Amino acid sequence: MNAHEPFKDYYKILQVEPEATTEEIRFAYRKLAKQSHPDSNNSQSSVQSFQEIHEAYEVLKEPQTRDQYLRSWKNRRYERSEEHTSELQ
């Protein structure tokens, strides 16, 4: 992940929970990739969607990259909750 790119919620993209097993992630990836594959869905948005789904799977399929992403995902959620709390005060 590049620090200059907006944060992408790969769990949301693959429609899985952070606690999902590797098998659940693989199943979600295959299902979503099939739905949005450019060969079966010929729209520009499907190409972009397919690329995002593939990117998310590449990060979440390996335990080492998934752990690293999970730490940054949790930090991001914590920062957002802190921002929200300070706005309420």
Side-chain angles (χ1 to χ4, degrees):
M1 272 187 315
N2 186 333
H4 300 289
E5 292 180 11
F7 186 81
K8 294 182 182 178
D9 189 338
Y10 293 144
Y11 296 110
K12 187 174 182 178
I13 291 170
L14 290 181
Q15 302 173 9
V16 296
E17 295 295 321
E19 300 82 19
T21 66
T22 303
E23 187 62 33
E24 290 170 326
I25 290 170
R26 183 177 20 253
F27 179 80
Y29 167 72
R30 288 181 177 171
K31 176 184 166 194
L32 295 170
K34 185 177 181 180
Q35 290 174 355
S36 64
H37 196 280
D39 288 346
S40 60
N41 190 344
N42 201 12
S43 72
Q44 184 59 31
S45 64
S46 72
V47 171
Q48 185 176 1
S49 177
F50 181 77
Q51 290 171 340
E52 274 193 336
I53 291 164
H54 182 72
E55 179 182 332
Y57 180 65
E58 285 300 309
V59 170
L60 298 181
K61 73 178 183 176
E62 297 294 331
Q64 185 177 6
T65 55
R66 183 177 180 186
D67 288 344
Q68 184 180 11
Y69 175 78
L70 184 58
R71 284 191 300 274
S72 75
W73 182 81
K74 286 180 178 179
N75 287 340
R76 177 70 176 163
R77 288 179 52 103
Y78 176 76
E79 289 169 3
R80 291 178 77 195
S81 70
E82 288 290 312
E83 289 171 5
H84 180 69
T85 303
S86 66
E87 288 174 1
L88 294 176
Q89 294 175 352

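Quick caveat, the model's predicted, so the values are computed rather than measured. Positions are given from 1, in the same order as the sequence printed here. The figures here come from the full heavy-atom set of this structure, side chains too, leaving out hydrogens, waters and symmetry mates.
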Any link between Phe7 and Leu60 through a network of hydrophobic side chains (Ile, Leu, Val, Met, Phe, Trp, Tyr) touching at under 4.5 Å? yes
Rounded to the nearest 0.5 Å, what's the gap from CD1 on Ile53 to NE2 on His37? Could you check? 11.0 Å
Check whether Arg66 reaches the backbone of Pro18 with its side chain - one donor and one acceptor, N or O, closer than 3.5 Å. yes
Quick one: ring-ring contact (aromatic ring centres under 6.0 Å, His included) partners of His54, sequence neighbours excluded? none
Tell me, please, which residues at least two apart from Thr21 pass side chain to side chain contact (heavy atoms under 4.5 Å, CB included). Glu23, Glu24
Step through the shown structure and confirm whether more than 12 heavy atoms of other residues, nucleotides or ligands are within 6.0 Å of CD on Gln48. no
Hydrophobic clustering (ILVMFWY, side-chain heavy atoms < 4.5 Å, transitive) - are Tyr57 and Phe50 grouped together? no
Which atom of Leu14 lies closest to which atom of Tyr29, heavy atoms considered: CD2-CA, 4.1 Å
Could you check whether Glu52 and Tyr10, counting side-chain N and O atoms only, form a donor-acceptor pair closer than 3.5 Å? no
What distance separates Asp39 CG from Ser46 OG, expressed to the nearest 0.5 Å? 9.5 Å
Does any part of the side chain of Lys61, heavy atoms only, come nearer than 4.5 Å to the side chain of Arg26, both counted from C-beta? no
Rounded to the nearest 0.5 Å, what separates atom OG1 in Thr65 from atom CG in Leu70? 11.0 Å
Are the side chain of Ser36 and the backbone of Leu32 linked by a donor-acceptor contact shorter than 3.5 Å? yes
Mind listing the closest non-hydrogen atom pair of Ala28 and Val16 along with its distance? CB-CG1, 3.6 Å
